[in-house]
Every structure is written in C-alpha cells, then in structure tokens.
*Asks:* 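Have a look at this one.
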Number of protein chains: 2
Amino acid sequence: MKAKFKQQLREAGLKVTGPRLEVFGFLQKHDLTTVSSVIRECAAGADRASVYRTLALFRKLGIIHDVVAGGKRMIELTDRFASHHHHLSCLECGRSETVSDQALESDLDRISKKNGFRQVSHQIDISGICARCQDRSPR
Amino acid sequence: MKAKFKQQLREAGLKVTGPRLEVFGFLQKHDLTTVSSVIRECAAGADRASVYRTLALFRKLGIIHDVVAGGKRMIELTDRFASHHHHLSCLECGRSETVSDQALESDLDRISKKNGFRQVSHQIDISGICARCQDRSPR
DNA sequence: AGACTAATTGCGACTTTTTTGCAAATACTT
DNA sequence: AAGTATTTGCAAAAAAGTCGCAATTAGTCT
C-alpha cells in the first residue's frame, strides 16, 4: 500500500518526502482521524503548515477525503488505500464502527444512475447510540 | 413551520428574537448552506457572534445539523423542519440535488439493527458529476 | 400600559485554525 | 556529484470561532 502511494506521487511528478510519508503512515494507522490529530501526532516529522499542504494535496490526489462521523468532521483514506466501508458513530462514547453492505451500495448506484449522475464517491454516517452505551445507560 | 420553530423555542424557555428568526428564515430559504453564508447574509440582523451562538443552539435543539456535501462542510435544517432527504453533489458545478429513497432508508435501519445500534440520524452524500456537467464537458 | 427579570445581543478582545511568502533544504534527474 | 524544480520550516497574516460583559430586549406579572 505504501508502494502504491509512492508510485502515485512519482507518477504525478511529485516527490516522496519525509512529511508526506509521515502523514500517510499516520493515516494508515488511524483510519478515521482529525486534522488536529494529524498535526499533533506528526509534529516531529512535519510542520503544521506542511501538514495542511500535505492534506490538501492528498485530497486533490484522491488519497484522503473528508467525512462527517457523529457530527464531527474527520478525514480518512479513500477506498484506494483502505477497504470501502461506512460508519456507525456513537454519539455517547464517540467511537465509530465500520460497516460494509452490498445492498446499500447497489441502492446508491441505482440512485445515481436514475439521476444521470456519474458517481465518484459517496459517504454515509449513521449516528446513534452503540450497543455498549445502551447497556451502560439504559433508556 | 415558522410557528413550530417559535413554539419549540418557547417550550424550551427561550426567547424568539430577531437574530434567531433571521437565521432560521435564511436556512429555510437556502436548505444546504454554509456557516460563512449565514454570517454574510444575516449580517444586517445578527452579529457574527450571535450567528455562532444561534447555530450552536439550533444544533443542540436538533433544528439544524452538519453534513458534508461534495466534500464541503455544510449545514441544513433537520427532518423536523425540512423533509428527509439526501444529496447528490456535483464536484464540478458545486450544485446539490436532493433525493429520497425508501430502499436506502430500509437498508440503514437494517444495518443499524444488525449492529445493535439505536439510530438517531444518518446522512448520505453522493459526490460525482451531474448530468448537466457531463454534457458540457464530456469524457 | 409600565415595571420587572432573565435571556440575549452586539461589541471588542481574544484564541484557534488555516493560509501564505520566502529563503533554505531536499528529492530526483542526468 | 551537480543541477534544478519541488518541498519544507518558519514567521507573519488571514480567517474562523469563542468569550466576557454592559446594554438591550422578550416575555411575564401587575
């Protein structure tokens, strides 16, 4: 996966640099994360400004995308660098579970086609209370 | 709809004020919008700080929620004040179309149940190229 | 209608987040 | 190993969001 990443950069005439590897590595370890986490955790290997520039670049290259999970803005690797999935976000504990569902995917395709839309990507976030939190504070 | 809004405020012991009406009215007119648009367009009737406070309040009261459309962070009225729907966002022209689909909704219910999740809300964004933009710049 | 009171506003100062210019450093080519 | 275009870190600036507080206002009670 890291090889594919390097290849994509080189094919675009871009350099494989320390900050880019650092940020990419972090994103691989923490699939769903925030900009401020990346800044904080990559501080040793990448200046704040470089993190912003790197994230902007990754976005443009389709390496990451922005999503909302549990009402908060997050970033994560796109399907090319992580398996396609969606999120169930718990509003109480903040954790996000990952789901994949074929029927869901077909519906989204059908809807896109019906509207003459050429789909590039999609994202789904289900917010609610996870099983564990329901047990802990029953209602 | 505006009556229901006023009622909700009063029932919560909150006042119906100029800024709140102004912001609510703007949100009704521009379903999918951004914080900065609200600030800009409501400047006459609400100070920047009041807009932030008002939006925070609306969020807490479940009057608005944050969504991502076409990769950008937007806000819109929740289902109670606008009919439930999702978005097809064009990455080229930036416009968003609205869709409702029952099969999709059932999928989300099924997925939530399967994971023991008590669903509170969900959001979907399909990003791509709309029919019009495909015609204009064919590929 | 007028007075009372708690909620809300606008303002300005402030913090946080994001962007930008530029000289120095670095990755890649030859 | 040198050459070059890209990228980085830094510092400064712009943009976005927050907060305290005195003044104002909506709703209530007479």
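Here the structure is a predicted model, which is why all the values come from computation and not from measurement. Every chain is numbered from 1, with letters handed out A, B, ... down the list of sequences.
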*Asks:* When the nearest nucleotide of DNA chain C is assigned to A49(A) and to S36(A) on a heavy-atom basis, which residue is associated with the more 5' position?
*Replies:*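 With A49(A) and S36(A) compared, the 5'-side residue is S36(A).
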*Asks:* Checking all strands, does R20(A) fall into the base, sugar-phosphate, or nothing category for heavy-atom contacts under 4.0 angstrom?
*Replies:* sugar-phosphate
*Asks:* Over how many whole Å does the gap from Y52(B) atom OH to dG12(C) atom P extend?
*Replies:*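 So the OH-P distance, Y52(B) to dG12(C), works out to 17 Å.
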*Asks:* Quick one: do R73(B) and D66(A) make a salt bridge, cutoff under 4.0 Å?
*Replies:* no
*Asks:* How do I39(B) and P19(A) order along DNA chain D: which one's closest nucleotide is nearer the 5' end?
*Replies:* P19(A)
*Asks:* Among the candidates dG17(D), dT9(C), dT6(D), find the nucleotide nearest to the side-chain atoms of L14(A).
*Replies:* dT6(D)
*Asks:* Under a 3.5 Å cutoff, is there a donor and acceptor pairing between the side chains of E41(A) and H30(A)?
*Replies:* no
*Asks:* As a test of reading the structure: which of dA11(D), dG27(D), dA5(D) is closest to the side chain of K15(B), going by heavy atoms?
*Replies:* dG27(D)
*Asks:* Just by distance, no angles: are the side chains of D31(A) and T33(A) close enough, under 3.5 Å, to form a donor-acceptor pair?
*Replies:*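 Checked: D31(A)/T33(A) side chains show no N/O donor-acceptor pair below 3.5 Å.
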*Asks:* Remember a base hit wins even if backbone is also touched, and classify R53(B) as base, sugar-phosphate or nothing at under 4.0 Å, heavy atoms.
*Replies:* base
*Asks:* Report the residues that fulfil ring pair (Phe, Tyr, Trp, His ring centres under 6.0 Å) with H85(B), sequence neighbours left out, ordered by chain and then residue number.
*Replies:*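 With sequence neighbours excluded, H85(B) shows a ring pair (Phe, Tyr, Trp, His ring centres under 6.0 Å) to H87(B), given in chain and number order.
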*Asks:* Considering only dT9(C), dG9(D), dT18(D), which nucleotide approaches the side chain of D47(A) most closely?
*Replies:*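 Shortest atom-to-atom distance from the side chain points to dG9(D).
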*Asks:* To the side chain of R48(A), which of dG9(D), dG27(D), dT19(C) is closest?
*Replies:* dT19(C)
*Asks:* Expressed as a whole number of angstroms, how long is the span from R10(A):CZ to dC28(C):C1'?
*Replies:* 8 Å
*Asks:* Roughly, in whole Å, what's the span from CG in L57(A) to C1' in dT18(C)?
*Replies:*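 Rounded to the whole Å, the gap is 17 Å.
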*Asks:* Would you say T17(B) places a side-chain N or O within less than 4.0 Å of OP1 or OP2 belonging to dA7(C)?
*Replies:*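 For dA7(C), neither OP1 nor OP2 has a side-chain N or O of T17(B) closer than 4.0 Å.
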*Asks:* Tell me the interatomic distance from R73(A), atom CZ, to dT18(C), atom C1', rounded to whole angstroms.
*Replies:* 11 Å
*Asks:* What is the separation between atom CG on L61(B) and atom C1' on dT8(C), rounded to the nearest whole Å?
*Replies:*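 That distance rounds to 14 Å.
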*Asks:* What integer distance in Å separates L55(B):CG from dT9(C):P?
*Replies:*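 Checked: the CG to P distance equals 12 Å.
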*Asks:* Give the rounded distance in Å between these two atoms: CZ of F24(A) and P of dT7(D).
*Replies:* 17 Å
*Asks:* Provide, to the nearest angstrom, the distance between the NZ atom belonging to K6(B) and the P atom belonging to dG27(D).
*Replies:*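 Distance, rounded to whole Å: 9 Å.
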*Asks:* Of all the nucleotides listed (dT8(D), dT18(D), dA26(D)), which has the minimum atom distance to the side chain of S50(A)?
*Replies:*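 My answer, after comparing the listed nucleotides, is dT8(D).
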*Asks:* Identify whether the distance between the nearest side-chain nitrogen and carboxylate oxygen of D107(B) and R110(B) falls below 4.0 Å.
*Replies:*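 Yes, D107(B) and R110(B) are salt-bridged.
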